[in-house]
Amino acid sequence: MDAHDGQVLTKGHAGVALLPGLLALPEVDTLSGRDFLALLVVGYEIATRAGIALHATSPDYHTSGAWNALGMAAVAARLRGVDTETLHHALGIAEFYGPRSQMMRCIDHPTMLKDGSGWGAMTGLSAALLAEDGFTGAPALTVTSPQALATWHDLGERWYVHEQYFKAYPVCRWAQPAVEAVLALAGEIRDPARISRIEIVTFHEGKRLHVTHPETTEQAQYSLPWSVACALGRGTVDVAGVCDELDAPDLKALAGKVEIREDDAFNARFPAERWARARLHLDSGKVLESPDLEARGNPDSPLTDAEVLAKYQALAQPVLGERAARLRDVVMSLETRPASDLLALLGAP
C-alpha cells in the first residue's frame, strides 16, 4: 500500500526503507525505545538530504531506493559503532549500488517495482556490513561533492524529520490534490451519476497518473482518474477502493469521465508544492468548480493525531487483528519502553 510518509523535495519516501532495515539488525533488541527513535531521526535526516542532493545534481528523477539506501547505511553503521572512515565507505557503497532506477517509468507503467525502496533498504544494510568487513566504496557524491554542500551545511540545525508529510489516502501523493479538489465539491452532488464530465487541472507529474480503468492494485494506486472516481463515488479513497472494487461499474463510469490537463503555474510550484483544481460538469449544464487545493497531511496542514491513528487502525486491524491495538499502544509509548517490546509484537505469529 502506498499509504506512507514522504518529503516533497525528495519526491519520495525515507521511512519505508529505514524502519524495516533497522528491524533487520539484531542489535536493535538491546536498545531503549528512545535510542531506537533517535536512530530513525538520524536516518530521516541523512536519507532526506541525500535525496535532495541527488535531485539537485542528477538530470534524471530516481526512485527513493537510490537515496534512502544512504540513510539506512548511516544508521546501521552508527548502531554497529564503526569509525568515520568505515562510515564513509558504507555511504559510498550504498550510493554506488543503490537502485538508481527511473521513477517515471513506474508512473507510466505501474507495477510491483514501485519506488525501489525495498532494494534501497537491502542495499544500505548490506553496504554497512560490507564496509565493516573491509569492503571499500567510492566516495558518496551526494554527501561529499562540492555541489552537495548546500544540502548538508545545516545538518543538526534544520530537522527534515519535521518536514515529512503523511498521506491521507493509499495512492500516489500526486493524485491527492485532485482528490481534495473533488471532495470539496462532493457535498453539492447528491448523485455522482449526474456528473457528465470531470475536469482536473493539475501539474505535469500528476497528469502522468493516467490509467483510467486499473486492472491491478498497483495501477489503481498510481491512477489519478481512479482516485478521483473513488472520492466521488465512495466519499474517500481507501484500501477497498484500490484493491477490491476495481470492477465496480459506477467507479469505472466515473473514472472514464475524468479529463486531466496541466497548468503552467502548478508546474512551476512543483515539487515543493503540488496543486489541483476540479470542475464537475453536471447533466443539467451546471458546472461546479473547486478552489485550488493541495493534498492534506503536509507539515503546514497536518492530519490530526486522531486521523493518523484511525488510518493506522484501518490498515493494521484487518492484518493483525487484536494485536493492532497492542502495537499501537507500544508505539505511542516507545520513548519510555525498551525496543524489544516493539520487536516482540512485530515478530508474533
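Bear in mind the structure is a predicted one, so any value in this text is a computation, not a measurement. What you see below is based on every heavy atom in this structure, not just the backbone, and it leaves out hydrogens, waters and symmetry mates.
- Atom CG of Leu23 sits about 11.0 Å away from atom CG of Asp29, to the nearest 0.5 Å.
- Residue pairs meeting the ring-ring contact (aromatic ring centres under 6.0 Å, His included) criterion with at least one partner in residues 4-38, sequence neighbours excluded, are His4-His13.
- Summarising the geometry of Ala73 relative to Leu91, their closest heavy-atom pair is CB-CD2, 4.4 Å, with the distance given to 0.1 Å.
- Under 3.5 Å, the side chains of Thr10 and Thr48 contain no donor-acceptor pair of N or O atoms.
- Taking both residues in full, the closest heavy atoms of Leu125 and Ala24 are given as CD2-CB, 3.8 Å, listed atom of the first, atom of the second, then distance.
- Note: Phe270 and Trp174 have perpendicular aromatic rings, judged against thresholds of 30 and 60 degrees for the angle between ring planes.
- Expressed to the nearest 0.5 Å, how far CZ of Arg328 lies from CG of Leu345 amounts to 12.0 Å.
- Residues Arg274 and Asn298 bring no donor and acceptor atom of their side chains to less than 3.5 Å of each other.
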| request: Show your reasoning for whether salt bridge (charged side-chain N to carboxylate O under 4.0 Å, His left out) applies to Asp2 and Lys114. | output: CA-CA 9 Å; Asp2 272 22; Lys114 291 199 173 179; 3.4 Å; yes
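- For the residue pair Glu262 / Thr202, no side-chain donor-acceptor distance below 3.5 Å is found, with atom types taken as modelled.
- Atom SG of residue Cys172 and atom CD of residue Glu205 lie 10.0 Å apart, to the nearest 0.5 angstrom.
- Side-chain atoms of Trp159 and Val41, non-hydrogen and from C-beta on, do get closer than 4.5 Å to each other.
- Between Ser196 and Asp283, the shortest heavy-atom contact is OG-N, 4.2 Å.
- Evaluation of the side chain to side chain donor-acceptor pair (under 3.5 Å) test over residues 102-113, restricted to residues two or more places apart or in two chains, returns Gln102-Arg105, Asp108-Arg208.
- The nearest pair of heavy atoms linking Ala69 to Ala94 is O-CB, 3.7 Å.
- Using a distance-only test at 3.5 Å, with no hydrogens or angles considered, no donor-acceptor pair links the side chain of Asn68 to the main chain of Ala47.
- For the pair Glu215/Leu246, no side-chain contact is recorded, criterion being any heavy-atom separation below 4.5 Å from C-beta on.
- At distances below 3.5 Å, at least one donor-acceptor pair connects side-chain atoms of Ser223 with backbone N or O atoms of Val211.
- Checked against side-chain contact (heavy atoms from CB on, under 4.5 Å), Arg34 has the following partners two or more places apart in sequence or in another chain: Ser32, Glu335.
- Note that the CZ atom of Arg197 and the CG atom of Leu282 stand 11.5 Å from one another [nearest 0.5 Å].
- Taking the side chain as every heavy atom from C-beta outward, Phe203 and Arg269 never approach each other to under 4.5 Å.
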Donor-acceptor pairs under 3.5 Å, side chain of residues 249-256 to any protein atom, not counting sequence neighbours: which ones?
unit_1: Asp250; atom_1: OD1; unit_2: Arg234; atom_2: NH2; d: 3.1
unit_1: Asp250; atom_1: OD2; unit_2: Arg234; atom_2: NH1; d: 2.6
unit_1: Asp250; atom_1: OD2; unit_2: Arg234; atom_2: NH2; d: 3.4

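- Of all the heavy atoms in Ala128 and Ala77, the pair that sits closest is CB-N, 4.0 Å.
- Proximity of a side-chain donor or acceptor of His281 to a complementary backbone N or O of Val287 within less than 3.5 Å is not detected.
- Evaluation of the salt bridge (Lys or Arg N to Asp or Glu O under 4.0 Å) rule for Asp35 yields no partner, not counting sequence neighbours.
- Side-chain contact between Asp191 and Ile189: absent, with no pair of heavy atoms (C-beta onward) separated by less than 4.5 Å.
- With hydrogens and angles ignored, the 3.5 Å screen pairs a side-chain donor or acceptor of Thr217 with a backbone N or O of Val242.
- Annotation: side chain of Leu309 is in contact with side chain of Met332 (closest heavy-atom distance under 4.5 Å).
- Residue-environment remark: CG (Asp264) stays at or below the threshold of 12 foreign heavy atoms within 6.0 Å.
- Not one N or O on the side chain of Gln219 forms a donor-acceptor pair closer than 3.5 Å with the backbone of His213.
- Under 4.0 Å is where a charged nitrogen must lie from a carboxylate oxygen, and between Lys311 and Glu307 no such pair does.
- Counting Ile, Leu, Val, Met, Phe, Trp and Tyr side chains that sit under 4.5 Å apart, directly or through other members, Leu54 shares a hydrophobic cluster with Trp67.
- Ser290 OG to Ile200 CD1: the interatomic distance, rounded to the nearest 0.5 Å, is 7.5 Å.
- The structure places CZ of Arg326 at 11.5 Å from CG of Asp341, a figure rounded to the nearest 0.5 Å.
- For the pair Pro177 and Trp275, the tightest heavy-atom approach, listed with the atom from each and the gap, is CB-C, 3.8 Å.
- Side-chain contact of Asp154 with Tyr160: a donor-acceptor pair under 3.5 Å is absent, judged by distance alone.
- Cluster partners of Tyr97, using a side-chain heavy-atom cutoff of under 4.5 Å among ILVMFWY residues and allowing indirect links, are Ile93, Phe96, Leu130, Phe135.
- For residues 115-138, the pairs satisfying salt bridge (Lys or Arg N to Asp or Glu O under 4.0 Å) are Arg80-Glu132, with sequence neighbours left out.
- The side-chain contact (heavy atoms from CB on, under 4.5 Å) search around Ala148 returns Ala53, Ser145, Trp152, not counting sequence neighbours.
- Side-chain atoms of Tyr61 come within 3.5 Å of backbone N or O of Lys11 as a donor-acceptor pair.
- A donor-acceptor pair under 3.5 Å is formed between the side chain of Gln176 and the backbone N or O of Val171.
- Looking at residues two or more places apart in sequence or on another chain, you find no salt bridge (Lys or Arg N to Asp or Glu O under 4.0 Å) involving Asp244.
- Panel note: side chain His153, backbone Ala150; a donor-acceptor pair is recorded below 3.5 Å.
- Within the 4.5 Å cutoff, side-chain heavy atoms of Leu334 are placed close to those of Leu342.
- Considering only residues two or more places apart in sequence or on other chains, Arg279 meets the salt bridge (Lys or Arg N to Asp or Glu O under 4.0 Å) condition with Glu199, Glu289.
- The salt bridge (Lys or Arg N to Asp or Glu O under 4.0 Å) test applied to Glu180 returns Arg296, not counting sequence neighbours.
- Around CG of Asp305, the count of heavy atoms belonging to other residues, nucleotides or ligands within 6.0 Å does not exceed 12.
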